[in-house]
A.B. asks: 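The structure under discussion is supplied below as structure tokens; questions concerning it will follow.
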Amino acid sequence: MNDKANYSLPDEQGHFGIFGGIYVAETLIPALDELRVEFEKAIADPEFMAEYRNELKHYVGRPSPIYHAKRWSEELGGAQIYLKREDLNHTGAHKVNNTIGQALLARRMGKKRVIAETGAGQHGVASATVAARYGMECVVYMGAEDVARQAPNVFRIKLLGATVVPVESGSKTLKDAMNEAMRDWVTNIDSTYYIIGTAAGPHPYPKLVREFQKIIGEECKTQIVEMIGRQPDAVIACVGGGSNAIGMFYPYIEVEGVRIIGVEAGGDGVETGRHAAPLTSNAKPGVLHGQRSFLMQDENGLIVETHSISAGLDYPGVGPEHSYLKDIGRAEYVAINDDEALAAFHDLCKYEGIIPALESSHALAQAAKMAKTMNKDEVLLVCLSGRGDKDIPTVAKMSGIQL
Amino acid sequence: MSRIQSTLEALKASGRKALIPFITAGDPQPDATVAAMHALVAGGADIVELGVPFSDPMADGPVIQRASERALAHGMTLTRVLAMVAEFRKTDSKTPVVLMGYANPVEAMGYEAFAEAARAAGVDGVLTVDLPPEEAEACAAALKAQGIDLIFLLAPTTTEDRVAHVARLASGYVYYVSLKGVTGAANLDVTSVADKLATLRQHLSIPIGVGFGIRDAATAQQVAGIADAVVIGSRLVQEMEAGAAGLNDRLTTFLTGVRQAMDQA
Ligand SMILES: Cc1ncc(COP(=O)(O)O)c(C=O)c1O
């Protein structure tokens with residue numbers, strides 16, 4: 001916890017302590033080097049950053065508001081819950097903050113074709129959207145199982161002119177989509193820019209995605225003070241690969257007295273083994289998708305299949321910076337089970353008239369759990385990372401309703 | 001001198017090029033592997049590359065992905081792969097064996113424990129696809145302490161200063177990936193490979209093997225004309241995919257044809 005005031009990670013090679021790094025096949029290394037150099041130049045270039053911010057303002061609709069979920073807080077009877085409304089962004093989630101940044105970078109690098117992996121389909125939609133906006137070809141890899149459970153987003157991606165490639169290998173979910181996107185990239189490395197959708201992958205991606213998502217926490221830092229005159233007691237976000245969470249958390253690392261809480265997918269319960277919570281379940285560090293981080297694996301180092309009601313959290317790994325923040329004790333990580341997330345989903349619909357994404361519902365459920373044990377003058381700030389329209393078929397099915 | 005080095009030097013002295021077949025351990029089923037390795041040697045293999053199956057083979061095309069899935073369905077693990085090498089060693093103490101796979105199974109076992117077990121089993125070289133020189137120092141030291149060669153990949157995209165970096169850590173041979181892509185991709189372009197090898201040789205004193213996209217005797221012969229070793233993978237794995245019936249004969253026959261063509265290069 002000592003060095004959080006002058007926190008300046010990752011280092012040159014992309015390490016956050018023992019985590020992060022560049023664990024990829026040789027063919028990709030020069031491309032990652034080029035990306036790192038171009039990215040560092042871009043974020044130091046006022047013109048580039050001005051264009052990025054302008055797009056966020058006029059195309060995405062930033063800043064997104066903070067909303068006091070007063071009725072729900074009253075119902076819970078404890079701390080006040082405030083929501084950072086990333087669900088109100090164009091395309092309905094935080095993902096677009098990152099895809100705008102990366103698409104502008106791709107354009108700057110002269111790449112005309114972009115590829116992306118997607119789980120819930122939100123990153124696929126956000127990638128297809130910016131590809132349309134900037135006139136690029138876009139191919140989205142999506143696990144075949146996710147194609148089935150996120151049908152509305154599959155259609156949205158196609159409407160936006162992108163191609164969806166269902167991935168049939170392995171567990172047919174997000175990790176397999178990422179494998180397939182890497183295979184595409186290595187094959188089309190000269191023409192193609194790979195827009196990774198979360199704060200994971202080989203260096204520089206974890207840093208790059210953080211830099212394009214930290215707008216969430218930066219806005220919060222001023223907005224919440226305008227509303228309540230101080231910083232919150234805790235910030236809370238769901239963690240799949242960890243992009244909305246790191247966007248929310250990063251500006252708060254240096255703020256004393258603000259607890260940082262990441263919420264993983266507990267699935268059927270961490271104790272059942274059917275979950276997607278590498279940090280909460282104390283998984284060993286391992287190497288997957290270009291990085292070293294805590295990783296769900298068996299004793300032979302094979303990656304195990306994960307489970308979550310929410311496709312966007314259904315991933316065996318986590319971005320390396322979260323592993324580091326856990327290790328140094330600056331952030332806490334907990335898991336919320338499917339049924340708890342679903343209950344929070346319904347609560348937000350009922351008490352606030354907001355349909356949250358199932359991913360975000362995990363963060364909401366954790367806030368509800370904590371709020372009940374806290375005083376009424378305490379404040380929890382939750383990243384409502386996305387809206388739940390895409391999840392309506394899943395929720396209907398869970399409730400035994402045929403749409 | 002390592003078994004890989006002495007094998008490659010003996011070949012060089014006799015003016016021949018090394019033939020390095022690749023199969024995935026445990027494919028199509030675990031009891032087929034050791035016999036298949038012997039069949040490859042009978043067909044003229046100088047070094048055998050044994051794939052360690054992994055759940056997420058990011059650098060592999062569909063053929064080797066399916067091989068991994070078949071092997072894993074039979075419960076293959078790194079420990080069992082090492083047992084297969086030990087079994088092979090009982091009747092072949094001469095042919096070098098190189099394990100090729102991904103970092104995480106090795107990480108899970110621990111570099112030192114892996115290096116010791118690999119040496120005890122009779123492994124001569126290790127190629128870890130997703131462990132580039134930037135991240136390989138610790139693993140390289142553990143392997144070196146056990147006298148095991150660490151084989152690195154070089155690619156069409158590799159820059160000259162990276163070659164120098166690889167040259168400092170690599171031993172045995174380096175593996176030049178002939179094309180931008182995954183295993184089992186299209187055919188390689190011999191002229192561009194020859195150009196790149198000329199550049200690589202300015203920085204490397206160890207032999208260079210070429211793989212990815214070599215599917216027949218004619219291509220193997222052309223590559224043997226420019227490289228020190230020829231690696232054939234997906235084409236052989238397709239034989240495994242065709243099933244266990246007559247497998248060893250098919251492997252030997254195919255490789256014999258390649259061997260003859262290469263020796264005429
Ligand atoms: C709304 C929403 N929240 C969260 C996530 C999880 O991703 P991350 O952990 O990168 O924020 C997703 C991923 O699809 C998502 O769609």
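In the text below, chain A, chain B and the rest are named by the order of the sequence lines, each starting its count at 1.
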A.B. asks: Taking only residues at least two apart or on different chains, which pairs with a member in residues 15-34 of chain A satisfy ring pair (Phe, Tyr, Trp, His ring centres under 6.0 Å)?
C.D. replies: A/Phe19-A/Phe294

A.B. asks: Is the number of heavy atoms from other residues, nucleotides or ligands within 6.0 Å of CD (B/Gln202) greater than 12?
C.D. replies: yes

A.B. asks: One pair to check against side chain to side chain contact (heavy atoms under 4.5 Å, CB included): A/His289 and A/Val24. What are the steps and the verdict?
C.D. replies: CA-CA 7 Å; A/His289 293 148; A/Val24 296; over 6 Å; no

A.B. asks: Among A/Glu180, A/Met182, A/Gln13, A/Arg183, single out the residue with the greatest number of heavy-atom pairs under 4.5 Å to chain B.
C.D. replies: A/Arg183

A.B. asks: Which residues in residues 104-129 of chain B have a heavy atom less than 4.5 Å from any heavy atom of chain A?
C.D. replies: B/Asn104, B/Pro105, B/Glu107, B/Ala108, B/Tyr111, B/Val129

A.B. asks: Taking B/Thr24 for the side chain and B/Asp27 for the main chain, is one N or O donor matched with an acceptor at less than 3.5 Å?
C.D. replies: no

A.B. asks: Pick one of side chain, backbone, both or neither for A/Asn188, based on which atoms fall under 4.5 Å of a heavy atom in chain B.
C.D. replies: neither

A.B. asks: What part of A/Glu299 gets closer than 4.5 Å to chain B, counting heavy atoms only: side chain, backbone, both or neither?
C.D. replies: backbone

A.B. asks: Counting a contact as any heavy-atom pair under 4.5 Å apart, which residues of residues 152-164 of chain B contact chain A?
C.D. replies: B/Leu153, B/Leu154, B/Ala155, B/Thr157, B/Thr158, B/Arg162

A.B. asks: If you round to the nearest 0.5 Å, how far is CE of B/Met76 from OG1 of B/Thr79?
C.D. replies: 9.5 Å

A.B. asks: Distance check, rounded to the nearest 0.5 Å: A/Met142 atom CE versus A/Met178 atom CE?
C.D. replies: 15.5 Å

A.B. asks: Are A/Lys172 and A/Glu145 close enough for a salt bridge, meaning some N to O gap below 4.0 Å?
C.D. replies: no

A.B. asks: Any non-hydrogen side-chain atom of B/Phe212 less than 4.5 Å from a side-chain atom of B/Val182?
C.D. replies: no

A.B. asks: Does any backbone or side-chain atom of B/Pro62 lie under 4.5 Å from a heavy atom of chain A? Answer side chain, backbone, both or neither.
C.D. replies: neither

A.B. asks: Is A/Ile189 in contact with chain B via its backbone, its side chain, both, or neither, using a 4.5 Å heavy-atom distance?
C.D. replies: side chain

A.B. asks: Residues two or more places apart in sequence or in another chain: which of them pass side-chain contact (heavy atoms from CB on, under 4.5 Å) with B/Leu197?
C.D. replies: B/Tyr176, B/Val193, B/Leu200, B/Arg201, B/Ile208, B/Val210, B/Ile226, B/Ala227

A.B. asks: With heavy-atom distances below 4.5 Å as the criterion, would you say the side chains of A/Pro10 and A/Lys207 are in contact?
C.D. replies: yes

A.B. asks: Quick one: are B/Glu241 and B/Arg66 in side-chain contact, heavy atoms under 4.5 Å?
C.D. replies: yes

A.B. asks: Atom CG of A/Asn179 and atom NZ of A/Lys175: how far apart are they, to the nearest 0.5 Å?
C.D. replies: 6.0 Å

A.B. asks: Where does A/Leu302 contact chain B at under 4.5 Å (heavy atoms): side chain, backbone, both or neither?
C.D. replies: both

A.B. asks: Please identify, among A/Asp33, A/Asp190, A/Val304, the residue contributing the most non-hydrogen atom pairs under 4.5 Å to chain B.
C.D. replies: A/Asp190

A.B. asks: Determine whether a donor-acceptor pair (N or O, by modelled atom type, separation under 3.5 Å) exists between the side chain of B/Thr33 and the backbone of B/Gly26.
C.D. replies: yes

